[in-house]
Amino acid sequence: MKKITITFPDGSSVQVENEIRPITLMDHFGKSDKSILAVKVNNEICSLDGIIDINAHVEPVYADSKEGAAIYRRSLCFLLAAAAHSVYPDAHLLVGHSLGYGYYYTLETGSPLEASQIQALKDKMLSLAKENLVIECDTISYQDACTLFERLGLVETRKQLNYRTPSRIKVNTLGDFSDLYFGPLVGTTAVLQVFDLLPYREGFLLRFPKHDDPGHLPEFEDQPKLFEIYSRYKKWGKRLGVTSAASLNQLIHERKADDFINITETLQVKCIADIADKIHEKESTRVVLIAGPSSSGKTTTSKKLSMQLQAIGYQPKLISLDSYYRGRENTPKDENGDYDYECLEALDVPQINEDLLALFDGKEIKLPSYDFHEGKRYYKGDTMRLGPNDILIMEGIHGLNDKLTPQVPPELKFKIYLSALTQLNLDDHNRIATSDNRLIRRIVRDAKFRGKSAAGTIAMWDSVQKGEKLHIFPFQNNADAMLNTALDYELSVLKVYAAPLLKCVTPLEKEYAEASRLLRFLENFSTIPATAVPEHSIIREFIGGSAFKY
């Protein structure tokens, strides 16, 4: 009989025979008011009801952590799907995009959804939670999985099994409802107490708490412009019949991917051209301000927009906001004592406004440069003057914040918000997070152009997202136009580059849990070779080979 050793964060350890379930180890984590939703076993997330049968370092995953919040949200989605199966067995529940700490859902019942129907769903979810039912995780055969999802009417989930074909498949089960396993869930329904179903447009929002305040729902903040972009692309995908990873995989296997790539790229070019027309319609525009979260493709979009503006008679000129850093000695520090280059105060806002107003008055300015190694701004003799057909393009994280350009009259500014908002789902009930799309882009680009490992990129991603929440997302509704920079075929291309990088993250690194999750996520996509990607595509910004110079 073998013995295994379990070690804990405080350095203590226990020996057990053969195997043990994490739920029996709770007393070893000390007393805490915080709920434990799962554990990390050698830096891989494991459910409380899982099995540990090797020597392992085990640490708790609390509800107020990023990983804990993901488990809670995933479990809420499963609870909703089980409730919908019970209350409306013949209706099709379809998950959409995220909005205001919630996920947008539609329920295709054959008629418009009424508030009473949404309330019935909520009541069923509350009833299931009150019953404290065990959420089971089982492994079944491939044939049984195909039969199961056909019986449950999960069309996209069943279709995906045509392209992802392991002999053993994990499923989560609650009562007579089952769904594919995409990661650990909470052990029982009793944990799922904090949520709401909010009627919204043609469907409703499944609302959940913030990760750092798991006991309360935040106040709902509507983002109508963002919703319209998502809805537009959802309708486009539905018309083309490509709404899920399974649909995309089907195109790839039927050798129809090239046509879809061309259509997708053409749509994005058209959307950029439409924005150029809007800029032209606002005849007073002198500066275009572009902002978006990390890896949203701001650089390529700026270049493509410049081409469209030239096509209608403008001469675009670029000013880099990075050149206006105040200098290291004048840069504020964050709570950890590190220089905070993402805060607005790191930029010389008065100089930016002085230079812009001078340009708009027809004067010539001296263009600054910034030495990131020395942490100093300097001038090397470059100048700029605006002609009658010239228009400025400025790209940076603070572009939508009017505190960046307080002296510039609103009529002279046109603000654009970018993000990679894929309309694809994984299957019927599992969505693709925008942040996952961008993180995979970033992992590929960092490795290609900066020599950074996947673990290194994952390690700094939380800090990147914190900056986005502070400096970008609060101002997205200030935009005059929004552009979706996602291309619905791109994950099949990025997988070729990202998967080998993610496989190099070892269980000895704390980033292993996230790397493993991303690898499981990418398993849902068949591959497309880079040779299929046009040279002007935004994807080239991340994989290389672009016709643009960066």
Student: Just by distance, do the side chain of K256 and the backbone of L251 share a donor-acceptor pair under 3.5 Å?
Tutor: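 No, K256 side chain to L251 backbone: no donor-acceptor pair under 3.5 Å.
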Student: For Y142, enumerate each residue passing the ring-ring contact (aromatic ring centres under 6.0 Å, His included) test, keeping only those at least two apart in sequence or located in another chain.
Tutor: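 Applying ring-ring contact (aromatic ring centres under 6.0 Å, His included) to Y142 gives none.
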Student: For W461 and S435, work out which heavy atoms get closest and say how close.
Tutor: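 For W461 versus S435, the nearest heavy atoms are CZ2-O, 3.7 Å.
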Student: When you measure from the side chain of E514 to the backbone of E511, do you find a donor-acceptor pair of N or O atoms at a distance under 3.5 Å?
Tutor: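 Not confirmed, E514 side chain does not pair with E511 backbone.
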Student: According to side-chain hydrogen bond (donor to acceptor under 3.5 Å, both in side chains), does anything in residues 170-185 pair up with another residue at least two apart or in another chain? List the pairs.
Tutor: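 Counting only pairs at least two positions apart or across chains, the side-chain hydrogen bond (donor to acceptor under 3.5 Å, both in side chains) contacts touching residues 170-185 are T173-S178, D179-H429.
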Student: Determine all donor-acceptor pairs shorter than 3.5 Å in which one atom belongs to a side chain in residues 494-505; sequence neighbours excluded.
Tutor:
unit_1 : atom_1 : unit_2 : atom_2 : d
K495   : NZ     : L522   : O      : 3.3
K495   : NZ     : F525   : O      : 2.6

Student: Report the residues that fulfil ring-ring contact (aromatic ring centres under 6.0 Å, His included) with F227, sequence neighbours left out, ordered by chain and then residue number.
Tutor: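 Checked F227 against ring-ring contact (aromatic ring centres under 6.0 Å, His included); matches are H97, Y104, Y200.
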Student: Taking the side chain as everything from C-beta on, heavy atoms only, tell me whether V269 gets closer than 4.5 Å to H536.
Tutor: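 Not in contact.
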Student: Does a salt bridge link K225 with E228, judged by any charged N lying under 4.0 Å from a carboxylate O?
Tutor: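 Judged by the 4.0 Å cut-off on N to carboxylate O distance, K225 and E228 do not form a salt bridge.
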Student: Looking at CD1 of I52 and CG of N18, how far apart are the two atoms once the value is rounded to the nearest 0.5 Å?
Tutor: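 So the gap between those two atoms works out to 13.5 Å.
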Student: Are the side chain of D258 and the backbone of A532 linked by a donor-acceptor contact shorter than 3.5 Å?
Tutor: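 Not confirmed, D258 side chain does not pair with A532 backbone.
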Student: Partners of K448 by side chain to side chain contact (heavy atoms under 4.5 Å, CB included), sequence neighbours excluded?
Tutor: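 Not a single residue meets the side chain to side chain contact (heavy atoms under 4.5 Å, CB included) criterion with K448.
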Student: Looking at CD of E150 and CZ of R158, how far apart are the two atoms once the value is rounded to the nearest 0.5 Å?
Tutor: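 Output value for this atom pair is 5.0 Å.
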Student: Could you state the interatomic distance from CG (L113) to CD (E108), rounded to the nearest 0.5 Å?
Tutor: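 If I round to the nearest 0.5 Å, the distance is 11.0 Å.
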Student: Enumerate the residue pairs fulfilling salt bridge (charged side-chain N to carboxylate O under 4.0 Å, His left out) with a member in residues 43-54, sequence neighbours excluded, ordered by first and then second residue.
Tutor: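 For residues 43-54: R21-D49.
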Student: Would you say the side-chain atoms of S65 pair up with the backbone N or O of V61, donor to acceptor, closer than 3.5 Å?
Tutor: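 Such a contact is absent between S65 side chain and V61 backbone.
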Student: One pair to check against side chain to side chain contact (heavy atoms under 4.5 Å, CB included): L80 and L76. What are the steps and the verdict?
Tutor: CA-CA 6 Å; L80 171 60; L76 267 184; over 6 Å; no
Student: Should F260 and V242 count as side-chain neighbours, where that means a heavy-atom distance under 4.5 Å?
Tutor: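 Side chain of F260 against side chain of V242, heavy atoms only: contact under 4.5 Å found.
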Student: Output all residues satisfying side chain to side chain contact (heavy atoms under 4.5 Å, CB included) with N43, sequence neighbours left out; order by chain, then residue number.
Tutor: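 Listed in chain order: E59, K510, Y512.
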Student: Show the atom names and distances, to 0.1 Å, of all donor-acceptor pairs under 3.5 Å that link a side chain in residues 127-140 to residues at least two apart or in another chain.
Tutor:
unit_1 : atom_1 : unit_2 : atom_2 : d
S127   : OG     : E131   : OE2    : 3.4
N132   : OD1    : T188   : OG1    : 3.0

Student: Does R441 reach the side chain of T485, with side-chain heavy atoms less than 4.5 Å apart?
Tutor: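 Counting from C-beta outward, R441 and T485 do come under 4.5 Å.
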Student: Between the side chains of Q250 and N162, is a donor N or O closer than 3.5 angstrom to an acceptor N or O?
Tutor: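 Distance-only check fails for Q250 and N162.
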Student: Given E156 and H92, is the side chain to side chain contact (heavy atoms under 4.5 Å, CB included) satisfied, shown in steps?
Tutor: CA-CA 11 Å; E156 296 300 316; H92 184 208; 5.9 Å; no
Student: Which pair of non-hydrogen atoms, one from N42 and one from A56, has the smallest distance, and what is that distance?
Tutor: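 Shortest heavy-atom contact: OD1-CA, 3.3 Å.
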Student: Check the pair N425, L94 against side chain to side chain contact (heavy atoms under 4.5 Å, CB included), reporting the backbone distance first and the verdict last.
Tutor: CA-CA 9 Å; N425 289 335; L94 184 63; 3.8 Å; yes
Student: For E265 and S537, does a side-chain donor sit closer than 3.5 Å to a side-chain acceptor?
Tutor: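 Yes, S537 and E265 have a side-chain donor paired with an acceptor closer than 3.5 Å.
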Student: When you measure from the side chain of R442 to the backbone of T457, do you find a donor-acceptor pair of N or O atoms at a distance under 3.5 Å?
Tutor: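 Judged by distance alone, no pair lies under 3.5 Å.
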Student: Whether the side chain of Q268 engages the backbone of L487 through a donor-acceptor N/O pair (distance < 3.5 Å, no angle test) should be reported.
Tutor: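 Not confirmed, Q268 side chain does not pair with L487 backbone.
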Student: Name the one of T434, T422, N484 that satisfies side-chain hydrogen bond (donor to acceptor under 3.5 Å, both in side chains) with Y230?
Tutor: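 Going through T434, T422, N484 one by one, the side-chain hydrogen bond (donor to acceptor under 3.5 Å, both in side chains) with Y230 is satisfied by T434 alone.
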Student: For Y105, check ring-ring contact (aromatic ring centres under 6.0 Å, His included) against everything at least two apart and list the hits.
Tutor: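 Testing Y105 for ring-ring contact (aromatic ring centres under 6.0 Å, His included), a comparison that skips the adjacent residues, returns F204.
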Student: Look at the side chain of S296 and the backbone N and O of A420, then say whether any donor-acceptor pair between them is shorter than 3.5 Å.
Tutor: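 No, because the side chain of S296 does not come within donor-acceptor range (under 3.5 Å) of the backbone of A420.
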Student: Show me the pairs that pass side-chain hydrogen bond (donor to acceptor under 3.5 Å, both in side chains) and involve residues 67-87, at least two apart or across chains.
Tutor: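 Matches after skipping sequence neighbours: K40-E67.
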Student: For G292 versus I472, what's the shortest heavy-atom pair and its separation?
Tutor: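 For G292 versus I472, the nearest heavy atoms are O-CD1, 3.3 Å.
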Student: Just wondering, do I71 and I45 contact through their side chains at under 4.5 Å, heavy atoms?
Tutor: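 Answer yes - side chains close enough.
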Student: When you check the gap from the basic side-chain N to the acidic O, do R520 and E523 get nearer than 4.0 Å?
Tutor: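 The answer is no: the pair does not qualify as a salt bridge.
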Student: Under 4.0 Å between a Lys/Arg side-chain N and an Asp/Glu carboxylate O for E541 and K298?
Tutor: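 No, E541 and K298 are not salt-bridged.
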Student: Looking at every heavy atom in both Q223 and G100, which two are closest together, and how far apart are they?
Tutor: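 Looking at all heavy atoms of both residues, the closest pair is OE1-N, 4.0 Å.
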Student: Taking C-beta and beyond as the side chain, do L93 and D428 meet within less than 4.5 Å on heavy atoms?
Tutor: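 Answer no - side chains too far apart.
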Student: I want to check something: taking the side chain as every heavy atom from C-beta on, are L121 and L107 in contact at a cut-off of under 4.5 Å?
Tutor: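 Sidechains of L107 and L121: in contact.
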Student: Could you tell me whether a side-chain N or O of S419 sits under 3.5 Å from a main-chain N or O of L421, the two making a donor and an acceptor?
Tutor: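 Not a single qualifying donor-acceptor pair exists.
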Student: What distance separates S295 OG from D446 CG, expressed to the nearest 0.5 Å?
Tutor: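 Going from OG on S295 over to CG on D446, the span is 7.0 Å.
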Student: Residues in side chain to side chain contact (heavy atoms under 4.5 Å, CB included) with K122, at least two apart?
Tutor: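 Per chain and number, K122 pairs via side chain to side chain contact (heavy atoms under 4.5 Å, CB included) with Q119, L126, F195, D196, L197.
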Student: Under 3.5 Å, side-chain donor or acceptor atoms of residues 211-221 against the rest of the protein: list the pairs with distances, not counting sequence neighbours.
Tutor:
unit_1 : atom_1 : unit_2 : atom_2 : d
D213   : OD1    : H216   : ND1    : 3.1

Student: CZ of R445 to CD1 of I543: how many Å apart, nearest 0.5 Å?
Tutor: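 Here the rounded value is 13.0 Å.
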Student: Using every non-hydrogen atom in the two residues, find where P293 and Y417 come nearest and quote the distance to one decimal.
Tutor: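 That closest heavy-atom pairing would be CD-OH, 3.8 Å.
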Student: State, with a plain yes or no, whether a side-chain heavy atom of I458 is found less than 4.5 Å away from one of E509.
Tutor: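 They are not in contact (no side-chain heavy atoms under 4.5 Å apart), so the answer is no.
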Student: With rounding to the nearest 0.5 angstrom, report the CD1 to CG distance, I118 to L198.
Tutor: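 It is 8.0 Å, given to the nearest 0.5 Å.
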Student: If only atom types and distance count, is the side chain of Y103 paired as donor or acceptor with the main-chain N or O of R431 below 3.5 Å?
Tutor: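 Between the backbone of R431 and the side chain of Y103 there is no qualifying donor-acceptor contact (under 3.5 Å).
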Student: Considering all heavy atoms of both residues, which atom of P22 and which atom of S47 are nearest to each other, and what is their separation?
Tutor: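 Looks like CG-O, 3.6 Å.
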Student: Evaluate the side-chain proximity of L426 to T157: yes if any heavy-atom separation is below 4.5 Å, no if none is.
Tutor: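 They are not in contact (no side-chain heavy atoms under 4.5 Å apart), so the answer is no.
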Student: Any salt bridge between D274 and K270, counting N to O under 4.0 Å?
Tutor: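 Looking at D274 and K270, the cut-off is met.
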Student: Could you go step by step and tell me if W236 and I263 meet the side chain to side chain contact (heavy atoms under 4.5 Å, CB included) rule?
Tutor: CA-CA 11 Å; W236 174 81; I263 292 169; 3.9 Å; yes
